[in-house]
Amino acid sequence: MRDYDAIVIGGGHAGIEACLALAREGFDTLLITQSLDAIGRLSCNPAIGGLAKGNLVREIDALGGEMAHLIDRTMIQYRVLNRRRGPAVQAPRAQADKFSYSRLAKETLEKEKNLNLFMDTVVDFVEENGAVVAVKTLRGWQISAKVIVLTTGTFMEGRIFIGEYDAPDGRLGESAAIGLGTNLRKKGFAVGRMKTGTPARVRKSSLDFDELEVQDGDEEMRPFSFDYDFVDRPSMPCYVTWTNEETHRIIRENIHRSPLYGGKIVGKGPRYCPSIEDKVVRFPERERHQIFVEPEGIGTEEMYLNGLSSSLPEDVQHRFIRTLPGLAHVEIMRPAYAVEYDYLDPLQLKPSLESKILSNLFVAGQTNGTSGYEEAAAQGLMAGINAALKLKGADPLVLSRTEAYIGVLIDDLTTKGTKEPYRMFTSRAEYRLSLRHDSADQRLVRKGFDAGLNTSEKLERLKDKLSRMDEIRNILRNSKMRGKNGLDLVREPEVTIESLSIPELEGYSRSEKEEVELDLKYSGYLKRQEKDAERFLRNESVTIPPDFDYDLLDGISSESREKFKEIRPVSIGQASRISGVRVSDIAILQVAVKGKN
């Protein structure tokens, strides 16, 4: 086996973005994955986007990533969520044709210049002088590389649970990656266990759709990618049903058979996406829980029961699922199950996602304790970009909390760490009004171009859009109605650009007009947020030398000292966001750092 510039381990959503970024930057890259047939698999919900997650997908696209292209070419339903609420919490979500998405992801990798795919399992790293230099595989290969990106998802020492049954798998029917977690522990990595789960898949023809509430998508499908103007895809409906007291009774009577409550599972599960048994136990006052019945694709009978993940035995699953309206005669094609797996403490990562334990090793995705395809893809892209920049001898690209949800995600992980699967929410972003999904290209296309991923054509496309938006503003400025110009009218809550019916605006796209409209309506809030962001960035600009000796700091608490030494913040701003650090300790650190600088 020959040597490579870069090796990416794992063919999930993080691995896809990482290996494409490295290959497109011109580096000879190898993707090693346990199954070439599982590349880009939508293991759980067959959907991309959602609240905050849709923002991540658009940011990935603006930086030059692939996820938006994949969903735009395979979506089977599109919706903008939270339309009745403010723009800061609106986001696109698309149901995917699960099998087409995975196939397209694999084809995209296969066609990429500078990228090779190899089916094997990585079980260990070779290190020299504190740096990773090669991987060892299950079949005995030792393959060297200058940088390595680790994206193992739920497979590192993975184990699935269905009631009394358990097996060493990362997904049902797919073997876990055994050995790597153990060897990483030996190398000094802090390795923990996490748990996630997935619902049963049921046969469409066994459902009674007369008893289900239809949930159609938006009439107009819109692209996630800024490279496209429209999406032309078939749209399929989703459906809604509810659990009831009989459902909950069956679950309560069999809760002792759940590995989650019987002690077999020790890993922490996702707080914001609990299993149905978790919901029944934690919210006993709730009479029912909403369940979405979603198609897995155009060419399959499988339907996904969103909101009904479980690790209860299969006989119990059959009983409680059949208590739901519309599912009385349901046929289960794949049972629900839980999966427990190893993850690495993200506090041991630099903001570039490079390991502090082994240099030249970058880590991304669920391996860092996150949950969700979009969070994984965002980290994979940034790990790939920064691995490429390291090969070039350039400084890493670290996005600020003020300019991207990706910045919030990575800063949270590397500053605060996580003890449970981390999921992105709009509430995590202090500057979310400036981080709308429609403005991701304005914030990040130039950065993607400077990093070497975006083409000059993409940059010109952004310039053309900004020029057209300026033209829209000028037309509004010169239009007089009701004693006001169009700009002032659009700032009023009940007025939209479309409602003004200005003939000169007919040649502009709806998305361009909507973006101008939102900028005008929220201009006051945006200006105030810009001032807050400026104060934030002042602290970010005060850098802390990597060799700063925290033991020489007088007057700070021992807890703060230990956290500073563990996390080694790169700036006063990052230091101030470490959980449990006192404001007075930050003030002392700031004085010391300014004196040293």
Side-chain angles (χ1 to χ4, degrees), residues 127 129-131 181-182 184-194 266-269 271 342-359 361-363 367-370 379 396 398-402 407-423 425 427-430 532 535-597:
E127 56 179 301
N129 302 319
T182 300
L184 287 174
R185 285 180 173 89
K186 292 177 181 176
K187 295 181 190 301
F189 285 82
V191 184
R193 297 288 280 177
M194 279 189 180
V266 298
K268 188 80 170 178
R271 185 191 313 183
D342 277 354
Y343 81 102
L344 305 183
D345 186 348
L347 290 179
Q348 295 184 314
L349 296 175
K350 301 174 185 177
S352 64
L353 296 180
E354 185 179 11
S355 170
K356 297 174 184 174
I357 307 297
L358 274 180
S359 63
L361 173 66
F362 294 77
V363 189
T367 317
N368 287 338
T370 58
Q379 294 172 72
V398 177
L399 299 176
S400 165
R401 300 179 73 92
T402 66
V408 175
L409 166 67
I410 294 175
D411 183 64
D412 278 354
L413 291 173
T414 58
T415 302
K416 301 174 183 177
T418 187
K419 299 299 182 184
E420 61 184 60
Y422 177 103
R423 180 179 178 182
F425 294 102
S427 58
R428 297 191 191 271
E430 305 91 329
D532 292 340
R535 286 193 291 271
F536 174 89
L537 291 171
R538 279 198 290 272
N539 275 341
E540 297 301 298
S541 66
V542 182
T543 59
I544 302 174
D547 59 348
F548 188 87
D549 190 349
Y550 293 99
D551 288 326
L552 298 180
L553 276 181
D554 291 327
I556 69 169
S557 68
S558 56
E559 180 184 7
S560 292
R561 191 188 311 278
E562 289 307 310
K563 289 189 174 182
F564 289 153
K565 291 167 68 175
E566 176 190 10
I567 296 170
R568 305 212 65 85
V570 297
S571 68
I572 292 296
Q574 186 186 7
S576 68
R577 294 189 295 277
I578 298 173
S579 301
V581 169
R582 299 186 311 197
V583 174
S584 58
D585 293 340
I586 294 297
I588 294 170
L589 175 62
Q590 190 163 11
V591 170
V593 167
K594 284 185 175 179
K596 190 174 180 67
N597 286 344

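Here the structure is a predicted model, which is why all the values come from computation and not from measurement.
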If I compare all heavy atoms of [X] with all of [Y], which pair ends up nearest, and what's the gap?
X    : Y    : answer
T543 : V593 : O-CG1, 3.2 Å
S352 : F362 : O-CD2, 3.7 Å
F564 : V581 : CZ-CG1, 3.7 Å
G555 : D585 : O-OD1, 3.9 Å
K419 : M194 : C-CE, 3.8 Å
A592 : L553 : CB-CD2, 3.5 Å

Would you mind reporting whether [Y] and [X] have side-chain heavy atoms less than 4.5 Å apart?
X    : Y    : result
L349 : N368 : yes
S400 : F536 : yes
S359 : E354 : yes
N539 : S571 : no
D345 : F189 : no
Y343 : V191 : no
T370 : P421 : no

Where the side chain of [X] meets the backbone of [Y], is there a donor-acceptor pair that is under 3.5 Å apart?
X    : Y    : result
R582 : I556 : no
S560 : S557 : no
Q379 : V363 : no

Query raised in the report: Can you name the one residue among Q348, K356, Q574, K350 that meets side chain to side chain contact (heavy atoms under 4.5 Å, CB included) with T414?
Result: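 Between T414 and the candidates, side chain to side chain contact (heavy atoms under 4.5 Å, CB included) is satisfied uniquely by Q574.
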**Report entry** Intermediate values then yes/no, side-chain contact (heavy atoms from CB on, under 4.5 Å), L353 and I410
**Finding:** CA-CA 8 Å; L353 296 180; I410 294 175; 3.9 Å; yes
Report task. Could you tell me whether R568 sits above the aromatic face of Y550, with NZ or CZ closer than 6.0 angstrom to the six-membered ring centre and within 45 degrees of the axis? Result -> no
Query raised in the report: If you measure from the Lys or Arg side-chain nitrogens to the Asp or Glu carboxylate oxygens, is any gap between R185 and D342 under 4.0 Å?
Result: yes
Query - NZ/NE/NH1/NH2 to OD/OE distance under 4.0 Å, R577 and D412 - result: no
**Report entry** Working for salt bridge (charged side-chain N to carboxylate O under 4.0 Å, His left out), residues K416 and D411
**Finding:** CA-CA 8 Å; K416 301 174 183 177; D411 183 64; over 6 Å; no
Let me confirm one number: the [atom1]-[atom2] distance from [X] to [Y], rounded to the nearest 0.5 Å.
X    : Y    : atom1 : atom2 : result
L184 : K186 : CG    : NZ    : 11.0 Å
E540 : T402 : CD    : OG1   : 8.0 Å
I567 : I578 : CD1   : CD1   : 4.0 Å

Query - side-chain contact (heavy atoms from CB on, under 4.5 Å) between I572 and I586, worked out - result: CA-CA 7 Å; I572 292 296; I586 294 297; 4.1 Å; yes
**Report entry** Candidate pair R561 and L589, rule side-chain contact (heavy atoms from CB on, under 4.5 Å), full reasoning
**Finding:** CA-CA 10 Å; R561 191 188 311 278; L589 175 62; over 6 Å; no
Report task. Run the numbers on L347 and E566 for side-chain contact (heavy atoms from CB on, under 4.5 Å), then give the verdict. Result -> CA-CA 8 Å; L347 290 179; E566 176 190 10; 3.7 Å; yes
Query raised in the report: Considering the options D551, D547, D549, which one meets the salt bridge (Lys or Arg N to Asp or Glu O under 4.0 Å) requirement together with K565?
Result: D551
